[in-house]
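Below is one structure; the comments refer to it alone.
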Amino acid sequence: MSERIPVCVAWPYANGSLHLGQIAGAYLPPDIFARYHRARGDEVVMVSGSDVHGTPTTIKAEQEGKTPQEVAAFYQQEHLGCWQKLGISYDLYTTTGTENHAEVAQDMFLRLLERGYLYKQTVSQAYCPNCRRFLPDRYVEGTCPHCKSSNARGDQCEACGKPLDAPDLIDARCRVCGTAPVYRDSEQFFLTLPAFRDRLLEWVKQQTHWRQNVLNFTTRFLEEGLIDRAITRDIDWGVPVPLEGFEGKRIYVWFEAVIGYLSATREWAGLHGDPDGWRRFWQQEEAKSYYFIGKDNIVFHTIIWPAMLMGYGGLNLPYDVPANEFLTIEGRKLSTSRNWAVWLPDYLSRYDPDPLRYVLSINMPETADTDFSWREFVRRNNDELVATYGNLVHRVLTITYRNFDGCVPSPGTPDEQSRQLIQGAAETLQRMDTLLYGCHFKEAIRTAMSLAHEANRYLDGKEPWKVIKEDRQAAADSLYTALQVICGLRTMLYPFLPFSSQRLHEYLGFEGSVEDCGWELQALPPGQKLRPPQALFSKLDESVVEEETSRLGTAH
Ligand SMILES: [Zn+2]
Ligand SMILES: [Zn+2]
């Protein structure tokens, strides 16, 4: 029975380049998951897009003397290019700037209003008398009341990490012109989150398949109690509030961006000529939706978005939210402002995508923070991808190609070792199936790599390159067995290493795409014509370590 899987991926702000922390945390895991499910024959729709609203984009636009639209369009293009090069296989990567998204977000707003989950209240809001406009939290700067850092923002102090409200700041000023803000009354809409607390607690209790950190965080948050949150603001960049008399107001980005998962699925269905096609992913009970995010985003996906869905009614709640922990870089906390980061466009301009996918997968920050270092990157590329997996593939393919007329040899009766190895491959696939289904990606790729190790040991024992001189059939037997295992590894590693798996698929003489061969040990038939093999991976020089680490922390 095939399953229906909406794969919902965090929406990056369209205000800067992507970096490795985001890839390891939120963007690579859903791609592995989607590829695995597609190979399994499940119906997947993987969606995301640029979060174009929100002050990060308007701040960037002001810094560069551009419009927010221009900034968003620029990074949308850059991100699309990166996804393609890294092989992140979205079914749709759109933006929150579409007409469709505005309609779906406004529909959510109106339904929640109609059902009594939104209410109006007058609040005091920072206003710059010089710029003559209301100031979003991030546009008010001043001295932190906790740590006295002079560059705290009206939503948070970066120096001590404490959340703030603009009126808390000492010597507050407008970040655009430096004038001290005044506070003016303004009417805003609020979401009655506490109304959902009991239902949320009840629901969360049943999610025993969630990761422990996600479950703990969510439960603690709910037990501490929820407060009403403003969902509109006096700004001009964002989705308009769909009510007369509120023309100058916009829906707050935190409320509107999460609706993107739904609006993007609707857009995808429309683009495929099936405007109702989104319903089977969002309304049929058997559909299981997964949300891939970093740990800083948990509350929006396990509390706020589910509350909105409960309030709206008739839409599926998240099935799983496998949030990842953080990736540190060379042992230090990643910081984009200090350029302590590895930027994805830089990486992709110099190296192949699969080694990065490999290193981030085998060391994925699933249950604890993990570290990326260039030394480990080079080591894992050279010792594991090249020397273990790549070498296994290359020696088997080249010996076979040269000695058996470029065809898969015909085996005799397999001996005990060969049977065991094939049995091991079947068990590995089975084990990986369980792991991938449960979003345990790190363990899954480690399992595949230990099969590659085993196959190398098998070959070292059989030595077909020596044996072939006196016993051609014995060499044919062991090469045939090794080829079957390699053919299995091509499938098992496909979700992680799609580019090299596809090449291997072709060297093995298959047509079409690996994904279409299904999630199974496909037999490689004797006599199948192979294609001339080439190395799957290239060794990296040690100098890469020095070269790359010297870029960290310097002006970007
Ligand atoms: Zn101002
Ligand atoms: Zn502070």
Side-chain angles (χ1 to χ4, degrees), residues 13 15-16 21 52-72 122-188 217 220-221 224 227 229-230 232-238 240-241 246-254 294-300 325-326 328-329 332-341 369 553:
Y13 283 126
N15 75 327
V52 303
H53 298 135
T55 41
T57 306
T58 53
I59 288 176
K60 181 83 172 183
E62 270 158 37
Q63 284 166 351
E64 298 190 345
K66 294 183 178 141
T67 65
Q69 286 90 337
E70 286 169 339
V71 169
T122 299
V123 294
S124 159
Q125 229 172 281
Y127 180 89
C128 176
N130 182 42
C131 299
R132 291 163 64 179
R133 67 171 191 185
F134 283 102
L135 299 174
D137 298 333
R138 285 197 183 205
Y139 274 73
V140 187
E141 292 180 341
T143 301
C144 171
H146 305 288
C147 74
K148 307 290 184 264
S149 152
S150 60
N151 281 315
R153 294 187 318 237
D155 59 344
Q156 194 185 28
C157 170
E158 272 215 331
C160 68
K162 292 222 166 75
L164 296 172
D165 286 320
D168 300 338
L169 293 171
I170 302 162
D171 297 330
R173 59 188 184 271
C174 164
R175 72 161 278 147
V176 178
C177 72
T179 306
V182 295
Y183 286 83
R184 281 200 182 174
D185 282 353
S186 177
E187 202 171 38
Q188 303 297 349
F217 178 90
R220 211 179 322 124
F221 204 96
E224 281 169 10
I227 52 164
R229 294 189 63 152
T232 59
R233 292 249 105 179
D234 291 281
I235 45 175
D236 51 17
W237 176 238
V241 176
F246 288 85
E247 286 79 8
K249 300 181 200 284
R250 297 289 178 270
I251 300 176
Y252 219 144
V253 67
W254 66 261
K295 67 175 164 189
D296 49 337
N297 245 328
I298 293 175
V299 62
F300 292 100
E325 306 283 312
F326 292 146
T328 56
I329 303 289
R332 276 167 55 184
K333 188 172 176 252
L334 193 150
S335 162
T336 53
S337 57
R338 283 187 283 274
N339 197 32
W340 197 262
D369 292 355

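For ligands, and for the atoms within them, numbers begin at 1 and follow the listed sequence. Every heavy atom of this structure was used, including side-chain atoms; hydrogens, water molecules and symmetry mates were not.
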Name each donor-acceptor pair under 3.5 Å that joins a side chain in residues 180-187 to protein atoms two or more places apart or in another chain, with its distance.
from	atom 1	to	atom 2	distance (Å)
Ser186	OG	Gln188	NE2	3.1
Ser186	OG	Asp234	OD2	2.5
Ser186	OG	Lys249	NZ	3.0

- Message: With rounding to 10 degrees, what does the angle Cys128:SG / the Zn ion (ligand 1) / Cys174:SG come to?
- Response: 110°
Anything under 3.5 Å between a donor and an acceptor, one on a side chain of residues 60-69, the other on a protein residue two or more places apart or in another chain? List them.
from	atom 1	to	atom 2	distance (Å)
Glu62	OE2	Tyr139	OH	3.3
Glu64	OE1	Lys66	NZ	3.2
Thr67	OG1	Glu70	N	3.0

- Message: On a heavy-atom basis, which atom in Asn151 and which in Arg173 lie closest, and how many Å separate them?
- Response: OD1-NH2, 3.6 Å
- Item | Asp369 (side chain) donor-acceptor with Phe326 (main chain) under 3.5 angstrom | yes
- Item | Opening angle at the Zn ion (ligand 1) [SG, Cys177; SG, Cys131; to 10 degrees] | 110°
- If you look at every heavy atom in Leu334 and Ile329, which pair is closest and at what distance? CD1-CG1, 3.8 Å
- Item | Main-chain N/O of Val52 paired with Trp237 side-chain donor or acceptor, under 3.5 Å | yes
For residues 128-137, dump all side-chain donor-acceptor pairs below 3.5 Å to protein atoms at least two apart in sequence or in another chain.
from	atom 1	to	atom 2	distance (Å)
Asp137	OD1	Arg233	NH1	3.3
Asp137	OD2	Tyr252	OH	3.3

- Note on the structure: Here the Zn ion (ligand 2) sees protein N, O or S atoms within less than 2.8 Å, and their number is 4
